[in-house]
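Keep in mind that this is a model prediction, so the values were computed, not measured.
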Amino acid sequence: MKIWKTILAAAALAMLSACANQAPPKKDFSAFRDQHPRSIVVVPVVNRSTQVDAPDNFLVTIPGYLAEKGYYVFPVHMVKRFMEDDGLADADLVHKADPVKVADLFGADAVMFITLETWQSSYAVIATTTTVSVKYTLKHGHTGQTIWEDQVTTAYSPQQQNSSGNLLANLIVQAVAAAVERAKPSYLPLAQQANAIAFYGPEHGMATGPYDPLYGKDY
Amino acid sequence: MNKIFVLAAAALLMSGCAAKAVGKYHWGEYSSSLYEYQQDPTKQAEYVAALERAVISTPSHQKLAPGLLAELGYIKLSKGDTEGAVQLFEREKAAWPEAAKFMDRAIASARGASGAGSGNATGAAATPTS
């Protein structure tokens with residue numbers, strides 16, 4: 001499962017920085033202590049970027065990260081369709097709604113609100129870099145309080161993934177990759193990268209959920 | 001101790017073992033097939049096939065990821081297989097107690113829609129307002 005590459009990369013970064021000098025400031029998870037949710041419903045993603053497809057595509061990458069963190073995650077596609085039937089298709093509308101009422105529709109302990117702030121590709125002939133900026137907010141389903149939030153800005157350049165011994169071949173591959181990335185940005189790897197940082201990265205991260213052995217040990 | 005851990009993690013990443021690291025759950029091709037299906041609604045069959053493969057081929061040392069049984073049930077319902085859908089919703093509920101309320105709602109709405117043939121498929125309460 002590909003997400004493990006990103007999780008291990010983020011976790012390795014955290015360990016390396018911890019070993020290099022002092023441990024980085026740990027995020028405060030005390031808000032979880034008395035009211036730790038077991039389940040999370042992820043509602044439609046608000047899009048402030050110029051990429052029309054980005055929110056739906058981002059949504060498919062979330063369950064893996066949250067579930068492996070130890071939470072029950074409601075099925076995102078089914079939830080999206082049920083919300084459309086309930087007249088809650090518009091993400092902006094849902095984000096303004098009372099989280100307690102949204103949680104109650106599904107019997108969820110918590111609601112995850114995600115806003116894609118930017119999703120932008122900057123193009124130079126042999127290098128396209130796509131940068132994403134995401135805001136995550138987790139609100140408790142019984143109290144409506146925000147118990148966790150995070151902001152991630154990260155970038156992805158697919159050209160970095162390729163190299164052969166031949167310099168000219170490399171340049172051609174890179175130019176093609178850059179053009180493809182510009183035309184159709186790679187949603188999945190970048191979304192996975194952002195999620196790995198938000199849930200596992202140094203100075204980011206979220207409290208571990210009930211299905212993980214570390215539950216209750218990282219407040 | 002720390003040094004060994006760091007070296008081991010670095011070795012894992014470099015060897016590409018990371019891609020095969022065992023997570024808690026079996027996901028199959030859920031994420032990528034749902035992505036494709038959202039980009040192109042004609043790819044529904046591939047999405048369904050990916051879900052079915054994931055459900056059938058869960059290895060003995062892993063549990064099937066949360067939500068996948070429900071996702072498959074929902075697609076079956078949309079294609080008219082009410083009983084198949086209800087069975088899957090029941091399985092999701094049995095595997096994940098947190099899903100009980102939502103699965104009960106889905107089962108009621110599946111049976112209601114097929115029984116009474118009513119236009120409104122959900123038994124939802126009032127739309128939440130802030």
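Without hydrogens or angle criteria, Glu98(B) side chain to Ser39(A) main chain gives no donor-acceptor distance under 3.5 Å. Side chain of Ser31(B) to backbone of Val60(A): a donor-acceptor contact under 3.5 angstrom is found. A donor-acceptor pair under 3.5 Å links the side-chain atoms of Glu68(A) to the main chain of Lys24(B), judged by distance alone.
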List the steps, then state whether side-chain contact (heavy atoms from CB on, under 4.5 Å) holds for Val79(A) with Phe102(B). CA-CA 9 Å; Val79(A) 162; Phe102(B) 186 33; 4.0 Å; yes

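Contact between Tyr211(A) and Pro97(B) at its shortest, heavy atoms only, is OH-CD, 4.0 Å.
Neither the backbone nor the side chain of Val41(A) has a heavy atom closer than 4.5 Å to any heavy atom of chain B. Contact of Ala106(B) with chain A is made through backbone and side chain together, with heavy-atom distances under 4.5 Å. For a residue to count as touching a neighbouring chain, one of its non-hydrogen atoms must lie under 4.5 Å from one of that chain's; by this rule Asp104(A) touches chain B with backbone and side chain alike. Residue Asp53(A) touches chain B through its side chain alone, counting heavy-atom pairs closer than 4.5 Å. Both the backbone and the side chain of Phe106(A) come within contact range of chain B, judged by heavy atoms closer than 4.5 Å.
Against chain A, the residues from residues 64-78 of chain B that qualify, each with a non-hydrogen atom under 4.5 angstrom away, are Pro66(B), Gly67(B), Ala70(B), Glu71(B), Tyr74(B), Ile75(B) in number order. Against chain A, the residues from residues 85-94 of chain B that qualify, each with a non-hydrogen atom under 4.5 angstrom away, are Phe89(B), Glu92(B) in number order.
Remark: Arg105(B) fails to qualify as a cation-pi partner of Phe82(A) under the 6.0 Å distance and 45° angle criteria applied to the six-membered ring.
Tyr47(B) contributes atom OH, which lies 5.5 Å from atom NE2 of His77(A) (distance to the nearest 0.5 angstrom).
Ring orientation note: the planes of Tyr72(A) and Trp96(B) are tilted relative to one another, at an angle of 30° to 60°.
Proximity of Leu59(A) to Tyr35(B): side-chain heavy atoms (C-beta onward) are nowhere separated by under 4.5 Å.
Considering only heavy-atom pairs separated by less than 4.5 Å from chain B, the leading option among Thr61(A), Val76(A), Ile62(A), Val94(A) is Val76(A).
No more than 12 heavy atoms of other residues, nucleotides or ligands shown are found within 6.0 angstrom of CD on Glu29(B). Counted within 6.0 Å of CD on Gln120(A), heavy atoms from surrounding residues, nucleotides or ligands total 12 or fewer; the atom is thus considered open.
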